[in-house]
2 protein chains.
Amino acid sequence: MAIAKTEEFTAKEQNLASFAKALSHPARIAILKILAEQNACICGKIVEVLPLAQSTVSQHLKELKNAGLIDGTVDGPKSCYCINWKAFEKFNAEFNSLFSALKIQNEKACC
Amino acid sequence: MAIAKTEEFTAKEQNLASFAKALSHPARIAILKILAEQNACICGKIVEVLPLAQSTVSQHLKELKNAGLIDGTVDGPKSCYCINWKAFEKFNAEFNSLFSALKIQNEKACC
DNA sequence: TTTGTCTATCGTAAGAAAACGATAAACTAA
DNA sequence: TTAGTTTATCGTTTTCTTACGATAGACAAA
């Protein structure tokens with residue numbers, strides 16, 4: 001049996017895992033970095049700076065979009081992408097609510 | 001060709017992706033949550049509260065340990081685990097240095 | 001209209017990940 | 001010493017992920 005037993009966990013756990021999964025490939029980190037550094041949407045040009053085939057980059061973009069971390073719109077023959085900062089806020093908030101709040105009291109109570 | 005082309009990216013990107021990968025499964029989030037809620041190491045008992053086989057939990061624990069997110073010591077026939085908060089700090093720091101610093105200036109400059 | 005450009009999708013192949021049962025290893029306790 | 005407990009590892013199967021080339025679709029420009 002190899003099917004992922006994700007349904008056995010809480011929605012919060014699944015949600016956080018899902019965000020993390022979207023961030024779990026260096027190509028996707030690189031894409032997000034490129035988008036974050038821009039002051040506007042990027043239409044095209046993302047493929048050029050990555051060491052991957054066009055179809056592979058498109059696939060990574062799709063995953064980031066599905067995870068909600070980026071927004072995409074079509075502009076003629078080109079596609080434009082930008083970061084969805086609200087999704088990042090949500091990720092940070094969920095992450096902190098699970099861990100950071102617990103940190104202070106426990107920091108020195110371990111083996 | 002399916003081999004991950006991780007070596008084509010920067011160390012920082014790989015590092016962050018690596019952390020995220022460790023967090024990308026709800027079982028591992030659940031494990032970290034359990035460890036975070038305790039005021040001490042947990043020796044045993046982690047398997048009991050998860051809906052997974054003992055060998056599967058052991059595998060997840062190993063991945064978290066390899067990622068540096070938890071520390072493990074052997075105590076007789078039992079194994080004890082606790083969160084490595086420094087690794088969490090490092091993750092947060094890397095995450096912020098890539099994204100949060102860029103956020104303010106760009107928040108309203110997108111399509 | 002035809003041609004060129006850009007991006008998404010399809011099909012495919014290889015590797016990684018997730019899950020389990022069975023077993024081995026390490027220690028405790030009888 | 002022997003039996004029991006706990007956890008790690010091995011072997012295996014199934015599914016997911018990553019990657020590519022090829023192709024199709026959408027639009028712009030000649």
Side-chain angles (χ1 to χ4, degrees), chain A residues 1-9 13-14 17-31 34-35 41-67 69-82 111, chain B residues 1-9 13-14 17-31 34-35 41-67 69-82 111:
Chain A
M1 232 168 283
I3 190 161
K5 285 196 161 181
T6 53
E7 72 282 351
E8 303 267 5
F9 297 93
E13 287 162 356
Q14 289 180 47
S18 199
F19 271 124
K21 195 171 204 173
L23 295 172
S24 74
H25 194 287
R28 292 195 285 272
I29 298 283
I31 289 170
I34 292 166
L35 292 177
C41 287
I42 294 185
C43 302
K45 295 191 180 174
I46 293 180
V47 176
E48 295 169 26
V49 292
L50 291 175
L52 296 168
Q54 180 268 323
S55 58
T56 306
V57 174
S58 187
Q59 215 171 294
H60 282 305
L61 285 166
K62 193 181 177 183
E63 283 177 61
L64 288 170
K65 200 176 172 183
N66 286 340
L69 290 171
I70 64 174
D71 292 320
T73 53
V74 177
D75 175 27
K78 294 188 178 180
S79 283
C80 302
Y81 290 102
C82 58
C111 53
Chain B
M1 233 168 283
I3 191 162
K5 284 195 159 181
T6 53
E7 72 282 350
E8 303 267 5
F9 297 92
E13 287 162 355
Q14 290 178 47
S18 197
F19 271 124
K21 196 169 204 173
L23 296 172
S24 74
H25 194 288
R28 292 195 285 272
I29 298 283
I31 289 170
I34 292 166
L35 292 177
C41 287
I42 295 186
C43 300
K45 296 191 181 177
I46 293 180
V47 176
E48 297 170 25
V49 292
L50 291 175
L52 296 168
Q54 181 269 325
S55 58
T56 307
V57 173
S58 186
Q59 215 171 292
H60 283 306
L61 285 166
K62 192 181 179 185
E63 283 177 61
L64 287 170
K65 198 175 174 184
N66 286 341
L69 290 171
I70 64 175
D71 292 322
T73 54
V74 176
D75 175 27
K78 295 188 177 182
S79 282
C80 303
Y81 289 102
C82 59
C111 52

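Letters A, B, ... are given to chains in the order of the sequence lines, protein chains preceding strands, and every chain is numbered from 1. Only heavy atoms go into these numbers, but all of them, side chains included; no hydrogens, no water, no symmetry mates.
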Please give, in whole Å, the distance from [N] [atom2] to [X] [atom1]?
{"X": "A/L61", "N": "D/dT18", "atom1": "CG", "atom2": "P", "value": "13 Å"}
{"X": "B/K65", "N": "D/dT9", "atom1": "NZ", "atom2": "C1'", "value": "14 Å"}
{"X": "A/I31", "N": "D/dT18", "atom1": "CD1", "atom2": "P", "value": "11 Å"}
{"X": "A/K62", "N": "D/dT17", "atom1": "NZ", "atom2": "C1'", "value": "14 Å"}
{"X": "A/L64", "N": "D/dT17", "atom1": "CG", "atom2": "P", "value": "14 Å"}
{"X": "B/D75", "N": "D/dT5", "atom1": "CG", "atom2": "P", "value": "18 Å"}
{"X": "B/I42", "N": "D/dT7", "atom1": "CD1", "atom2": "P", "value": "11 Å"}
{"X": "B/I29", "N": "C/dA18", "atom1": "CD1", "atom2": "P", "value": "12 Å"}

Tell me which of B/C43 and A/L52 sits closer to the 5' end of DNA chain D, going by the nucleotide each one is nearest to. B/C43

Identify, between A/Q54 and A/R28, the residue whose nearest nucleotide on DNA chain D lies closer to the 5' end. A/R28

The side chain of A/K78 is closest to which nucleotide in this list: C/dA19, C/dT7, C/dA18? C/dT7

Can you identify which nucleotide, out of C/dC27, D/dA8, C/dG21, has its nearest atom closest to the B/P77 side chain? C/dC27

Base, sugar-phosphate or nothing for B/E63? Non-hydrogen atoms, less than 4.0 Å. sugar-phosphate

Smallest separation among heavy atoms of A/I29 and B/E13, with atom names: CG2-CG, 3.9 Å

At their closest point, which heavy atom of B/F19 faces which heavy atom of B/A67, and how far apart are they? CE2-O, 3.9 Å

Any side-chain N or O of [X] below 4.0 angstrom from OP1/OP2 of [N]?
{"X": "B/Y81", "N": "D/dT6", "answer": "no"}
{"X": "A/K21", "N": "D/dT17", "answer": "yes"}
{"X": "A/T56", "N": "D/dA19", "answer": "no"}
{"X": "B/H60", "N": "C/dA17", "answer": "no"}
{"X": "B/S79", "N": "D/dT6", "answer": "no"}

Hey, can you tell me if B/H60 and B/H25 have their rings parallel, tilted or perpendicular (30° and 60° cut-offs)? tilted

Are the side chains of B/L23 and B/L69 in touch, meaning some heavy atoms are under 4.5 Å apart? yes

For the base of C/dA17, is there a side-chain donor-acceptor partner from B/Q59 under 3.5 Å away? no

Under the criterion side chain to side chain contact (heavy atoms under 4.5 Å, CB included), which of B/L35, B/I42, B/L64 is the partner of B/Y81? B/L35

